[in-house]
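In what follows, a structure is listed as structure tokens, so that the remarks can point back to it.
Every chain is numbered from 1 and lettered A, B, ... according to where its sequence line falls, protein lines coming before strand lines.
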Amino acid sequence: MEGLLAGDDAAIRALYARFARPVYTMGLRLLGSREAAEELTQDVFVTAWRKAARFDPHRGRLSTWLMTIAHNQAIDRLRRETGVTRPKLVLVDEMPESAQSVDEDLLLERDAALRAIASLSDAERRLVLRTYFRGMTAREISEDDGIPLGTVKTRLRSALIKVRLANQQKELS
Amino acid sequence: MNCAAVRDVLPEFALGVAPSDDINAVELHVETCAACRKEAVDLQRAATSFGYALAGDGAPPETLEQDVVDAVRGVAAPPRHAHPHSRGRRTGIALLVAAVLVASVGIGSVYAGREERLRLDAERTQLAQQTAIDRLAFLAAQAGGQRNTHVLTGVLTASSGAATGSAVTILTKDAEDQMIVVVNDLAERALPLDVSISDTKGRRIDVGRIRSLDTSGGTTRAWRLQSSLAGFVDVIVRDGSGRIVLRGTLEAQTAVASPSP
């Protein structure tokens, strides 16, 4: 991170090598075009530099920090453009099998994520995907589905806790 | 906001869709509440699983890495070399960078907080306005050290409003030419912004499109171009309505004088 702060080429490239692909693919799926995904990737790494001094490894992992920046920026943009280019709902079932030339760490991370998401029921999965990939708030889902806001929030919380537990079990094993 | 209210919002917070008022209240609360902070971190990590689930679905283009490096370096690095009239400006840059970093350290917001993002965006805008040319000079100095490389820089100005910007072109004989553009204070303008560059004969190259800006209306973009940029010096940025919002003329980068202390 110190290298990133200094604008050091090697540090930027190392961070890029590790995280560009998940950031780019997130942009691709959320924003719907390669151009937008490229712009998001540039923005995320520039933002990472701006926030690098505040990253505290004792409070969480670098991957979570960077992916949260990427997701927040993508959702901000998606919500600004709501109704114009909102992408179709992404189902985990549609997610690709392992691709060639993806580095092993990334594949492991992806497989762990897929296993954790597999711990959800179909309804929970769809609910979380509508927020994470479409930027829908609990209130919007509540109105769309005609169910109480409190119920939506409870289900979101329950789903995230399941994923969290699955992640923890994987680490313990 | 008490712990119960914060816990109620945390799932949406972790998924990046909490209302902005709630985000501010949650971020304030978790600064002093370790239990809620741990819950926020755990839920955010769980949410990140959904992002990772997509990894492997499409690779970024090979040119993107260099674009990212250029964009970060353009924002991150203070100039290493002296530039005419730059000593006082460089001191100012150092102070500004220090101010941003000092202000940042110790705040310790839970990841990527939006309140912080807004504040940093504002700081970034200020920094960008005051350092644009120096950044470009730094890039130019680096590129200028390479053989067969020519660098042109310039300020972009608005005919009305507070928007500012700067641009640099890097012409390399053995590789694709590059262009980097920094814009600020364009939040009120209709997107997308189109960047073009013309030569003295009126020929125009459409360099690229800026589809999003940060919350303060600024961004840095880098492009690699198939066409040669030799002779192209007049930069124009148009908004989504086709109005010119920024324009400027690039000039050859002044030779580097001496290393900075």
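- Closest approach of A/Tyr24 to B/Ala59, counting heavy atoms only: CE2-O, 3.5 Å.
- Inter-residue side-chain proximity for B/Val17 and A/Met136 is flagged as unmet; no heavy-atom pair is nearer than 4.5 Å.
- Nearest heavy atoms, A/Leu160 versus B/Ala14: CD1-CB, 4.2 Å.
- Heavy atoms closer than 4.5 Å to chain A are found in both the backbone and the side chain of B/Glu65.
- For B/Arg209, the part lying under 4.5 angstrom from a heavy atom of chain A is the backbone only.
- Taking the side chain as every heavy atom from C-beta outward, B/Glu12 and A/Thr131 never approach each other to under 4.5 Å.
- A side-chain hydrogen bond (donor to acceptor under 3.5 Å, both in side chains) check over residues 146-157 of chain A, counting only residues at least two apart or in different chains, returns the pairs A/Lys153-B/Asp8, A/Arg157-B/Glu39.
- Using a 4.5 Å cut-off between heavy atoms, A/Ala37 makes no contact with chain B at all.
- Surrounding CZ of A/Arg34 are at most 12 heavy atoms belonging to other residues, nucleotides or ligands under 6.0 Å away.
- Residue contact with chain A, scored on non-hydrogen atoms closer than 4.5 Å, involves the backbone of B/Leu213 exclusively.
- Contact of B/Pro61 with chain A is made through backbone and side chain together, with heavy-atom distances under 4.5 Å.
- Contacts between A/Leu120 and chain B at a heavy-atom distance below 4.5 Å involve the side chain alone, from C-beta outward.
- To the nearest 0.5 Å, atom CD of residue A/Gln42 and atom CG of residue B/Asp70 are 8.5 Å apart.
- In this structure, A/Leu156 CG and B/Leu10 CG are separated by 12.0 Å, a value rounded to the nearest 0.5 Å.
- Between A/Arg13 and B/Gln66, some side-chain heavy-atom pair lies under the 4.5 Å cut-off.
- At least one donor-acceptor pair under 3.5 Å links the side chain of A/Glu39 to the backbone N or O of B/Arg211.
- A distance of 8.0 Å separates CG in A/Asn72 from CZ in B/Phe13, rounded to the nearest 0.5 Å.
- Considering all non-hydrogen atoms of both residues, B/Gly16 and A/Ile75 come closest at O-CG2, 3.4 Å.
- The local environment of CD in B/Glu188 is sparse, with at most 12 non-hydrogen atoms from other residues, nucleotides or ligands closer than 6.0 Å.
- A/Val163 and B/Ser49 make their closest contact through CG1-OG, 3.7 Å (heavy atoms, listed as atom of the first residue, atom of the second, distance).
- The backbone N or O of A/Thr68 sits nowhere less than 3.5 Å from a side-chain atom of B/Gln44 that would complete a donor-acceptor pair.
- Heavy atoms only, all atoms of each residue included: A/Ser63 and B/Thr48 are closest at O-CG2, 4.4 Å.
- Residues B/Ala46 and A/Arg164 share a closest heavy-atom pair of CB-N, 3.9 Å.
- Interatomic distance, A/Thr137 OG1 to B/Leu15 CG, rounded to the nearest 0.5 Å: 11.5 Å.
- The CG atom of B/Asp67 sits 12.5 Å away from atom CZ of A/Phe45, with the distance rounded to the nearest 0.5 Å.
- Using a 4.5 Å cut-off on side-chain heavy atoms (C-beta onward), A/Ile161 and B/Leu43 make contact.
- Using a 4.5 Å cut-off on side-chain heavy atoms (C-beta onward), B/Ser212 and A/Asp43 make contact.
- Between B/Phe50 and A/Tyr132, the angle of the ring planes lies from 30° to 60°, which puts this pair in the tilted group.
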